[in-house]
Every structure is written in C-alpha cells, then in structure tokens.
Amino acid sequence: MNNIFEKIREQIRTVTREAFASCEQNGLLPAIELPDIVVEVPRERGFGDFSTNVAMQVSKQAKLPPRKTAEILVPELNLSGTYIDRAEIAGPGFINFYLSKNWLFDALHLIQERQERYGEVDLGKGKKVNVEFVSANPTGPLHMGNARGGALGDCIAAVLEKAGYDVTREFYINDAGNQIERFGLSLEARYLQHFMGEDQVPFPEDGYHGEDIIEHVKNYIEIHGDALLSKTPDERRQTLVDYALPINIQRIREALASYGIEYDVWFSEKSLHDSGAVAETVEFLRQSGYTVEKDGAIWLNGEKLGLEKDEVLVRNNGVPTYMAADIAYHRNKFITRGFDWAINLWGADHHGHVARMKAAMVPFGIEKDKLEVVLFQLVRLYRNGEIARMSKRTGKAISLGDLIEEVGRDAVRFFFNLKTSGSHLDFDLDLAVKQSNENPVFYVQYAHARICSILRKLAEEGVTPRPVDKVNLALLQEKEEEELIRKLAEYPEEVTLAAKTLEPSRLTRYVLEVASTFHSFYNACRVRGEEEELMMARLILVDCTRIVIRNVLELISIQAPEKM
RNA sequence: GUGCCAGUAGCUCAGCUGGAUAGAGCAACGGACUUCUAAUCCGUUGGUCGGGUGUUCGAAUCAUCUCUGGCACGCCA
C-alpha cells in the first residue's frame, strides 16, 4: 500500500458496508443496494478527517430520512483495526469520521521508506501508453503553442509513469506532404532570388516567410554555390529540403532537450508513405467499404462513421492527405506496435480533427476510447501589461528558445503547468523573471532550499536524521506540524488524480501548497535547538517535506536547488 | 449559420463524476527578523460563481435557454 488515503477510504467503505449488512440482518434497515460509497475530505476540519454521504444517497431505499438512516447505521460501525476513532452524524446526514493520528505518522514512515519513489502508485498496471506531443512542423522554429504542448505532454507522460503506466514519449515528424512542398518552394524561391534579385523571382503566396528560410539558403550557397541553378526545379527543391530539413529537426531536438524533454521515438511521417503503409491503410478502408469516390478523389465515408461530412483521403491528383497519413500512423501505434492507449496533445485549433480521428479507428477494430486527445488552449505572452509578440532580443516572433533564454527553463515549465490545459493561458514575462514573492517558482524552490539549509546546518553540528522507527513522531503535536503531514500524505492521491484526469497542472498547484504549508510550519516551529527527541521528530518531518517537494519538482522537470 | 472550449474576488486562476459557511496567489491595508535563509510568515479588506428557467433534500457543479469571448468548419495540417 503506497497511498494512505486509499487505504483509509477502503477502511471506511468496508466498515460502512459491513454496518449496512448487519443492520439488514438485525432488521434495522431494509435490504439496500449500496451505491459506490463516496468518501471525501470535508472542507471544514471540524467535520472530521473524512466523511461520507452514503446515508443521503440511500435515503429513498431505506425509506427513512438521511439522518435517521445514519443514526441507525453509525452504532453498527465496527471500528476496531482501523484508523477511525469515532464517527459522528452531522448536517443533513453526513457521517464524519475522526481518525487517530497514527495515519499521519504512518504517512511519514511511508515517505521515509519510499524516498524518491514516494508518490508512485499502480493505477496503470503496466499498460502500454503512447504520449505524442509537440510534433511540430519541421519547417521552422518552435512557437508558444509547441512550448505549452511540450510542457504539458512531458508532464502527462511523467505523471503516467508515476502512476504505473509503461510510457513512450513520441514526436511525429511531419516530414512529408503539403507543408514540406511549401517548404521546398520557399527555399527554392529564396535560392533563385539570391542569384537573380528579389524582384525577379516571385515568392509563393503561402510560402514560409521566416528569416530562417533565407538563412538556410545563404548557408547552403556558401557551401555549394550556384550548382542548383542548372538543375530541374524538382531536383533543386529536393536538394534544398534534404539540406534544410535535418537541420531544422536537429534544432527542434536541441530546443526540446534544453527544455528538459527527451523522446523515446521520433516517428517519421515520410516513412509511412515510403513503406506503403498509407496506401495500404487507404486500400483497407476502401475494401471494407468505408470510403466513397467522388470528383476523382477517395473520401472517408462520414455518414457510415457517424461524422458530419466526408473527408478526403486521396486527392484527385493521387496524393494522400494528412488525414490518410494520420490514420495510418495511429493504426501503426495500435496494431503494429501494440499500444493499449494513445494520448495526443493538440492545440485547441485542431479540435475539429478529434471526432474524425477517433471515428477513423473503428474500421480497424480499435475502440475509440483508446485514442485520447488532450486539447490545450493557446498562449498569450504579456510584457509591460501588453501582449508581446516579438522577441526582445531578435525582434522576431518569440520562439521557445527565446522564451527559455529570457525567463529560464524552470519558470517556463512551471507557468505552462500551472493552469489546466483547457484554460487560456496568459504568460506574464515580467512576473516569470521576477525574483520575489510574486513569483511562485521561487516560492517553491525557496522552500526546498530552506529545508536543505536546516539539514545542512544540523549536519555540520553532527545531527543527522535517525531512522524513523527510532523516532517518537507523536511529539509532533502543533497544528502547523499536523497540517504539513496531512499535505505530504496527499501526494500519492494527487498523482492518482493527475493521472486520471490527465491534468498534471494539479501537481504544480499541489507543490505550491506544500511549500506554503512548510513555510507556515517554519515560522511557527524550530528544528535546531529544540529538545533532542522533538528535534528528531521534526527532522523527520522536514526531511519528508524535502522528499515530497523534490519528487514533484523532478516530475515536472524543475530544479530543486539546495541553496538560493 | 453549425459545432467545440471558456466566463468564479480588482488581476491570474482552482473548485465542476451535485454536498455542509465558494477557495488560493497576486494587488491593497496593518503587523512579525537577537534565534535553522524575511525570496518567509500572521492578520484585514475583497463574490448577484455572466444572466434566466428547470431537475432535488441540496446546484459554481447537471439540463435547457440566453449573453459575451476564443477557436473550428479546406482535395491545409
């Protein structure tokens, strides 16, 4: 058992179920089909440590007012062998459970025992899950959307790992299709412009206008000169793409690495075309009757899949669409590679694609639910209270690299993981660099550094933590101490919830609460200089706090400094 | 026009599988450093949960209508 909360909830459910059974046997209550018994932590501490509303839920079946049901039930609760001291009835019919402090001390034991593995839970049971995120077009640098998707995706992957899933982090390289075509045309235009003059060569309307295209061409010409002028346009574009694309991909890799993200798999879209997987996938859909042909193109049959409209899979020029490749890609994930679950992180502007992709799994016998798409809202950067679009240094659109350079990796990752994915995110650049109490990143890091400082000071005096079973934790009686232990005990529960909701941001908020609770403790209680037994107990508490803060920060890939 | 997401304190956001008196941070105001890091803490102020109706013992949470903002509706990805 590595989640005390779960253990307590199970105890409460068990004693409650048994009490219902015994009431039924004694004829005190009619036979009742129990719902899932909801156990929660009441908002008010005065309402006990945990509570359940089960008496209210069954009031109809019991044919009694909820309070009356509770009054019959509570005396039948057999609390022996549990953490529960007593149960009381309150309000409209809540049953409030008051626990012995032992559960808190057990939580500290657990933390000491598990150390850096404290917080791990076995929700996933080794299920194979693929988390695909960023997957940016390799036609230019990473932007703010990629930055948020990157932080989110990496943290979702990390949370799922802690929750017992077998996680693969994957980047889908869009190195084929239309945008590569445009990339090639843009490079070619810049190349020709270099030799013939800008006004002599038209630039494609939907081309990539970025400076980086010109830079690629300039570098290419420095190495290879004007040899491409005599080639065919096809050869010219291919050569330029073959030159520039790997450079862009390498830059993306490096930007993400400096952002703290390492992938297990870089999956090439082109490889799906080259291997024939795309054609094969379309053919399979055609033969299974999931396509229609009209206007010389092959369409996915929307009606048959419950979609609003048909979607083109193969254009009338014979070139498959992104959609076709994407279906082949997900078929590969589930069938070729056997993932039990695939999570994709997409910007909210792609939400229209969600229903289509899920529906497109059906012909392959893949349940829709196996594909989960996490949509995240876009990011607005603020500087001096105004929307910032340009990098301070370069004057160009702000890239992930610029952002990290300006505010630091820790702050970027922290802020992108502070809000739920569904909410719009305003990123305040001024706040992120501020080294003050306004900045939550430092607030958490400071708590960690403070703890390390206590441990260091005491170690210098020859005082080190004793094994926890040789410490009298019952000496921790102050309310600040209790609050802190409670907070630390929640961590496995937080990981579980973050994994279930795919919402790692709650861990960022959680670690802020841990820091806050610790700071309150710090101001109320001393460790150093207290009587030895109390000092030892507090030393354990402080060390447990260090472990939890460090574990969370590591999970969200933020430094836990020992000094500040 | 249709669909998706959002609307909670001055600001940024939690809470949303219905639960007890709606929370946090920042901002504002007032306090706390002889003592392990004051990048900290303690206290005060601050709300028609966008609005209406409904469902029920109970609604920020569910349903429905409506207003506002963002986005999507392509042989783009």
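Reminder, nothing fancy here: chain letters follow the sequence lines and each chain counts from 1. Since the structure is predicted, the reported quantities are computational estimates derived from the model, not experimental observations.
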Of the nucleotides [options], which has the atom closest to the [X] side chain?
X: A:F94; options: B:rU37, B:rC73, B:rG19; result: B:rG19
X: A:N178; options: B:rC76, B:rC13, B:rC41; result: B:rC76
X: A:Q377; options: B:rU37, B:rA77, B:rC5; result: B:rC5
X: A:S423; options: B:rC13, B:rA77, B:rU40; result: B:rC13
X: A:M564; options: B:rU37, B:rC73, B:rA20; result: B:rU37
X: A:Y443; options: B:rU40, B:rU37, B:rC73; result: B:rU40
X: A:H519; options: B:rA39, B:rU40, B:rA20; result: B:rU40
X: A:V527; options: B:rA14, B:rU37, B:rC36; result: B:rC36
X: A:K419; options: B:rA77, B:rC36, B:rU12; result: B:rU12
X: A:V312; options: B:rA20, B:rA77, B:rC75; result: B:rC75

Report which part of the nucleic acid [X] touches: base, sugar-phosphate, or nothing (heavy-atom distance under 4.0 Å, all strands).
X: A:R509; result: sugar-phosphate
X: A:R538; result: nothing
X: A:A524; result: nothing
X: A:C452; result: nothing
X: A:D326; result: nothing
X: A:K309; result: sugar-phosphate
X: A:M323; result: nothing

Is a donor from one side chain sitting under 3.5 angstrom from an acceptor on the other, for [X] and [Y]?
X: A:K270; Y: A:H273; result: no
X: A:Q445; Y: A:D410; result: yes
X: A:R182; Y: A:S186; result: no

Using the [atom1] atom on both, measure [N] against [M] and round to a whole Å.
N: B:rC67; M: B:rA14; atom1: P; value: 26 Å
N: B:rC62; M: B:rA77; atom1: C1'; value: 36 Å
N: B:rA20; M: B:rG15; atom1: P; value: 16 Å
N: B:rC11; M: B:rC42; atom1: P; value: 25 Å
N: B:rC26; M: B:rA39; atom1: P; value: 14 Å
N: B:rC73; M: B:rG18; atom1: C1'; value: 35 Å
N: B:rA38; M: B:rC33; atom1: C1'; value: 6 Å
N: B:rG47; M: B:rU40; atom1: P; value: 27 Å

Separation of [X] atom [atom1] from [N] atom [atom2], in whole Å?
X: A:N53; N: B:rA20; atom1: CG; atom2: P; value: 11 Å
X: A:I549; N: B:rU40; atom1: CD1; atom2: P; value: 13 Å
X: A:H353; N: B:rC5; atom1: NE2; atom2: P; value: 18 Å
X: A:L425; N: B:rU12; atom1: CG; atom2: P; value: 12 Å
X: A:Q57; N: B:rU17; atom1: CD; atom2: C1'; value: 11 Å
X: A:D426; N: B:rC26; atom1: CG; atom2: P; value: 19 Å
X: A:R43; N: B:rA14; atom1: CZ; atom2: P; value: 18 Å
X: A:N96; N: B:rU21; atom1: CG; atom2: P; value: 13 Å

Does [X] make a side-chain N or O approach to OP1 or OP2 of [N] shorter than 4.0 Å?
X: A:Y382; N: B:rC11; answer: no
X: A:R450; N: B:rA38; answer: yes
X: A:T420; N: B:rA14; answer: yes
X: A:R315; N: B:rA77; answer: yes
X: A:Y446; N: B:rA39; answer: yes
X: A:K457; N: B:rU37; answer: yes

Pair partner, [N] [Watson-Crick or wobble, under 3.5 Å]:
N: B:rA32; answer: B:rU40
N: B:rU61; answer: none
N: B:rU12; answer: B:rA24
N: B:rU17; answer: none
N: B:rG69; answer: B:rC5

Query raised in the report: Taking for each residue the nucleotide of RNA chain B with the nearest heavy atom, is it A:E269 or A:E44 whose nucleotide lies nearer the 5' end?
Result: A:E44
Query raised in the report: Where each residue is assigned the nucleotide of RNA chain B containing its nearest heavy atom, which of A:A515 and A:G177 is assigned the position nearer the 5′ end?
Result: A:A515
Query raised in the report: Taking the six-membered ring for Trp, are A:H353 and A:Y322 parallel (under 30°), tilted (30 to 60°) or perpendicular (over 60°)?
Result: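 Tilted.
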Query raised in the report: Under 30°, 30 to 60°, or over 60°: which ring-plane class applies to A:H519 and A:Y443, parallel, tilted or perpendicular?
Result: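 Ring orientation, 0 to 90° scale: perpendicular.
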Query raised in the report: Of the options A:F94, A:Y98, A:F97, A:F5, which is the one that meets A:F50 in a ring-ring contact (aromatic ring centres under 6.0 Å, His included)?
Result: A:F5
Query - Torsion-based syn/anti label for B:rC11, 90° from 0 as limit - result: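 Anti.
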Query raised in the report: So do A:L455 and A:L539 actually touch side chain to side chain, heavy atoms under 4.5 Å?
Result: yes
Query raised in the report: Should A:H448 and A:M564 count as side-chain neighbours, where that means a heavy-atom distance under 4.5 Å?
Result: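 Of all side-chain heavy-atom pairs linking A:M564 with A:H448, none is under 4.5 Å.
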Query raised in the report: What about the rings of A:Y172 and A:Y263, do their centers lie closer together than 6.0 Å?
Result: no
Requested in this report: Enter the distance from A:T508:OG1 to A:L512:CG here, rounded to the nearest 0.5 Å.
Outcome: 7.5 Å
Requested in this report: Check whether the aromatic ring of A:H350 stacks on the base of B:rA77, taking stacking as ring centres less than 5.5 Å apart and planes within 30° of each other.
Outcome: yes
Query raised in the report: Any donor-acceptor pair under 3.5 Å between the side chain of A:S51 and the base of B:rA20?
Result: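 Such a pair is found, so the answer is yes.
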Report task. May I ask you to verify whether the side chain of A:D349 and the base of B:rA77 hold a donor-acceptor pair under 3.5 Å? Result ->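 Donor-acceptor pair under 3.5 Å: no.
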